[in-house]
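Before any comments, here is the structure.
Values reported hereafter were calculated over all heavy atoms of this structure, with side chains retained and with hydrogens, waters and symmetry mates removed. Numbers restart at 1 for each chain; the letters A, B, ... are given by sequence-line order, proteins then strands.
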Amino acid sequence: MLHLTLQARLQAAVRTVLPDADAATVLVRPCPDARHGDYQSNALIALAKQRKLNPRQLAEQVKAALDVAEICEAVDIAGPGFLNFRVRPTALAATLLAAARGEHLFYAPAAQPRTVVIDFSSPNVAKPMHVGHIRSTGIGDALQRIFRLLGHRVISDNHIGDWGTQFGKLLLGWKQILNREALAADAIAELERLYKVINAECDASPARLEEAKHELVKLQAGDAENCSVWQEMIRVSQVQFDAIYGRLGVKFDHALGESFYNPQLGPVVEDLLARGIARESEGAVGVFSDGSLPPKQDPFLVNRDGEWIADPALVRKSDGGFNYMTTDLATIDYRLKTWAPAEIVYVVDDRQAPHFKKLFLTFARWQPEAAAKVKLVHVGFGKILGEDGKPFKTRSGDTVKLGELLDEAEERALKVVTEKNPDLPVVERKEIARIVGLGAVKYADLLPNRQSDYQFSWDKMLALQGNTAPYLLYAYTRVRSVLRKQEVTAGDQGLEIKLVAAEELALAKHFLNFGLVLEAAAEEYRPNFLCNYLYDLAGLFARFYENCPVLKAEGAERATRLLLCDLTGRVLKQGLEVLGIQTTDQM
RNA sequence: GCGCUUGUAGCUCAGUUGGAUAGAGCAUCCGCCUUCUAAGCGGACGGUCGUGGGUUCGACUCCCGCCAAGCGCGCCA
């Protein structure tokens with residue numbers, strides 16, 4: 001938007017003054033403090049310093065070579081050499097009118113679209129999805145939506161946990177203690193019960209454990225009965241996943257579970273051995289430190305009692321079975337060969353950081369040429385804590401099931417809606433409660449900086465005051481309410497618009513930064529940047545709404561204000577949409 | 001023990017290449033509904049940004065030490 005034009009002009013001016021400088025490092029950013037202006041650049045200070053020039057003098061020279069008169073008021077040089085820009089209301093109005101004509105919505109598609117694989121959610125077969133899955137699922141979905149909006153080619157892939165040692169126990173339980181009625185009623189609960197019972201028996205009895213292992217070996221060997229039971233377990237689990245994803249509005253392009261890669265695991269290990277990347281040790285096969293990193297940073301070493309000892313990435317167990325490291329290597333290999341992405345993003349709990357470090361380094365050693373062409377990123381996140389600051393659990397101490405959490409969100413939201421708007425028909429109240437409740441849970445999860453833990457609080461996420469989904473949704477309903485009474489018409493669009501009041505200008509200027517924020521959110525994999533932007537937008541709109549009557553105004557003033565309402569609504573709706581949150585016209 | 005992450009107002013949290021007087025909500029106190037949804041808005045109060053050094057024109061942000069909390073250190077994922 002405007003700041004990009006400013007930036008391009010500024011860079012051109014820098015090239016004129018300092019032809020050999022790297023002008024690309026000269027960036028224009030919104031001023032953190034509006035008193036200094038709308039946009040600023042502090043890059044000239046650094047540039048001057050590198051060249052031992054006087055920063056203010058350089059700023060003067062660049063300013064002299066700078067042509068931004070039609071966009072900005074006179075450019076200020078402040079402090080040690082900041083350049084401050086004040087956008088002309090006329091330039092602002094022109095940008096808003098272009099948006100009104102549908103030419104843009106304050107963001108531009110990426111100049112160089114990338115192919116990005118996003119791996120998120122990854123629930124386990126035969127286990128209920130729990131509150132922990134909201135993080136990976138919500139952040140991952142927001143990221144895929146943001147990348148798509150910016151014009152990138154996104155491939156979302158749900159790497160479902162559909163293989164592993166737990167199936168020995170599950171198979172044993174299925175064959176011996178399965179309750180068909182319970183399975184029909186709630187398949188996941190029954191599978192969970194099977195696992196718990198057999199697992200407890202295995203802990204108590206080595207013979208029982210042997211039985212379970214025997215079932216696992218049979219499954220791995222392709223035994224027809226075990227394979228068919230296993231597939232049935234996947235099928236009933238998928239029904240549950242689909243129900244949850246349906247409620248959340250989350251879609252995947254692929255759901256290639258761990259088992260999909262089974263045929264590749266043997267060849268991967270053989271290749272690693274053949275290339276000398278992995279070697280045998282105590283009957284297992286593993287990748288060891290190559291000594292290229294200092295011990296502290298080397299994930300293939302671990303410190304025990306003051307000594308650094310090997311902590312290899314095992315790719316084949318001594319019993320011939322494979323580890324998830326092997327699966328993950330095969331997965332990278334497959335994704336690169338199939339989609340040739342520039343980037344693969346894993347939205348997974350921070351506790352798995354050491355695993356991803358090992359995985360990425362191992363892959364780089366295995367396929368250096370391929371690894372050089374792809375950016376592998378672990379987008380980690382912290383835990384959800386209860387209001388007592390301890391891990392979020394039910395009163396009885398169990399993990400909170402995702403489905404039940406969403407039910408409660410809708411119930412609590414319905415109570416609030418009913419309290420505030422009792423005259424609406426119950427069907428409408430329920431639909432509003434669904435949107436507000438789910439939105440509140442998602443938004444509360446996306447809002448905190450993802451790397452830190454956050455406290456789950458029903459009251460806070462459903463509050464109307466503060467940075468919450470209901471506050472944003474309420475702002476949207478106010479927009480809709482105004483526009484319902486007077487939609488923007490062709491006649492209004494033809495009118496001149498004049499941004500005069502401080503509230504009008506502040507709101508209009510905030511629109512301009514939508515694209516910047518979307519890009520930052522994508523760049524840093526941090527949807528919370530967008531949350532904060534939308535909260536600011538809603539706040540600016542609220543102030544505008546309080547101080548600038550729309551429907552009572554006339555002429556250009558009315559047209560301007562209607563346009564501001566319309567654009568606020570569109571940016572809010574678009575912003576919430578990429579956070580995976582629906583809007584409602586009434587609350 | 002080693003490693004990773006975190007430490008910002010009484011509480012819950014933001015803080016975009018290092019940038020100008022560190023922000024928001026809650027809580028407490030005070031204002032604003034014959035005006036488009038008051039589920040809102042305005043104001044007051046509240047800070048040695050864990051701590052001690054360093055780099056810099058400039059540090060919540062970068063570097064080092066220390067303190068505290070959480071997590072990880074399985075031929076599980």
Side-chain angles (χ1 to χ4, degrees), chain A residues 25-27 29-33 35-36 40 42-43 45-46 49 55 78-82 84 122 124 161 164-166 258 282-286 295-297 299 301-308 311-312 314 316-319 321 323-325 327-328 349-355 357 380 382-383 385 387 389 391 416-417 419-421 447-449 451-455 457 459-460 463-468 470-471 473-475 477-478 480-486 513 516-517 519-521 523-524 526 528-529 531-532 535-536 539 542-543 545-547 549-552 561 565 586-587:
Chain A
T25 62
V26 178
L27 302 181
R29 293 279 132 139
C31 276
D33 187 336
R35 277 169 303 188
H36 299 118
Q40 66 168 244
N42 54 41
I45 305 170
K49 216 177 147 186
F82 297 109
N84 289 331
S122 315
N124 288 312
T165 48
Q166 74 272 25
E258 292 170 355
E282 300 171 35
V285 176
K296 272 190 175 185
Q297 289 158 37
L301 295 177
V302 63
N303 191 297
R304 287 277 156 70
D305 302 322
E307 239 181 291
W308 293 100
D311 184 27
L314 293 183
R316 194 168 73 200
K317 299 189 271 188
S318 55
D319 68 2
N323 303 70
Y324 74 136
M325 180 63 70
T327 312
D328 283 354
D349 190 330
D350 251 336
R351 285 176 293 193
Q352 291 198 38
H355 166 69
K357 232 183 211 173
K383 294 185 296 295
L385 307 176
E387 299 199 49
V416 181
V417 173
E419 187 185 310
K420 303 291 183 189
N421 221 336
L447 178 63
N449 186 332
Q451 67 219 47
S452 54
D453 297 346
Y454 79 91
Q455 261 185 32
S457 162
D459 290 342
K460 277 179 185 146
L464 267 297
Q465 52 279 88
N467 198 346
T468 65
Y471 178 81
L473 291 171
Y474 178 63
T477 63
R478 286 175 130 187
R480 295 311 308 165
S481 175
V482 172
L483 296 180
R484 214 173 13 248
K485 289 170 177 131
Q486 180 61 62
N513 296 332
L516 204 63
V517 168
E519 283 161 24
E523 183 67 27
E524 304 287 322
R526 285 165 65 158
N528 70 309
F529 287 175
C531 296
N532 290 326
Y535 178 56
D536 289 339
R543 267 154 253 154
Y545 181 90
E546 296 283 333
N547 293 295
V550 179
L551 300 177
K552 284 183 182 165
R561 291 178 179 178
C565 286
Q586 276 186 81
M587 275 174 78

Check: If you measure from the ring centre of A:Phe82 to the centre of the six-membered ring in the base of B:A20, is it under 5.5 Å, with the planes under 30° apart?
Finding: yes
Checklist line | Rounded distance (Å) that lies between atom C1' of B:C76 and atom CG of A:Asp328 | finding: 13 Å
Check: Dot-bracket, RNA chain B: Watson-Crick or G-U, under 3.5 angstrom, [ ] crossing, | other strand?
Finding: (((((((..((((.....[...)))).(((((.......))))).....(((((..]....))))))))))))....
Check: Under a 90° cut-off about 0 for the syn range, is B:C32 syn or anti?
Finding: anti
Next item on the list: Using the aromatic ring of A:His36 (for Trp, its six-membered ring), decide whether it stacks on the base of B:A20 within the limits of 5.5 Å and 30°.
Entry: yes
Item checked: Under-4.0 Å side-chain N/O to phosphate OP1/OP2 contact, A:Arg29 with B:G18 -> no
Check: Start at the 5' end of RNA chain B and walk down; is the nucleotide closest to A:Gly306 or to A:Ala520 reached first?
Finding: A:Gly306
Check: With A:Tyr324, which of A:Glu258, A:His355, A:Gln352 fulfils side-chain hydrogen bond (donor to acceptor under 3.5 Å, both in side chains)?
Finding: A:His355
Checklist line | Presence of donor-acceptor pair under 3.5 Å, side chain of A:Ser318 and base of B:C75 | finding: yes
Note to self: Can you tell me if A:Arg478 touches the phosphate of B:A38, counting only side-chain N or O atoms and a distance under 4.0 Å to OP1 or OP2?
What the structure shows: yes
Margin query: By nearest heavy atom, map A:Lys552 and A:Ala542 onto RNA chain B; which one lands nearer the 5' end?
Written below: A:Lys552
Check: For A:Lys317 and B:G74, is the shortest distance between a side-chain N/O and OP1 or OP2 below 4.0 Å?
Finding: no
Next item on the list: Using a 4.0 Å cut-off on protein heavy atoms (strictly under), produce a 5'-to-3' string for nucleotides 23-30 of chain B with B for base contact, S for backbone-only sugar-phosphate contact, and - for none.
Entry: -SSS----
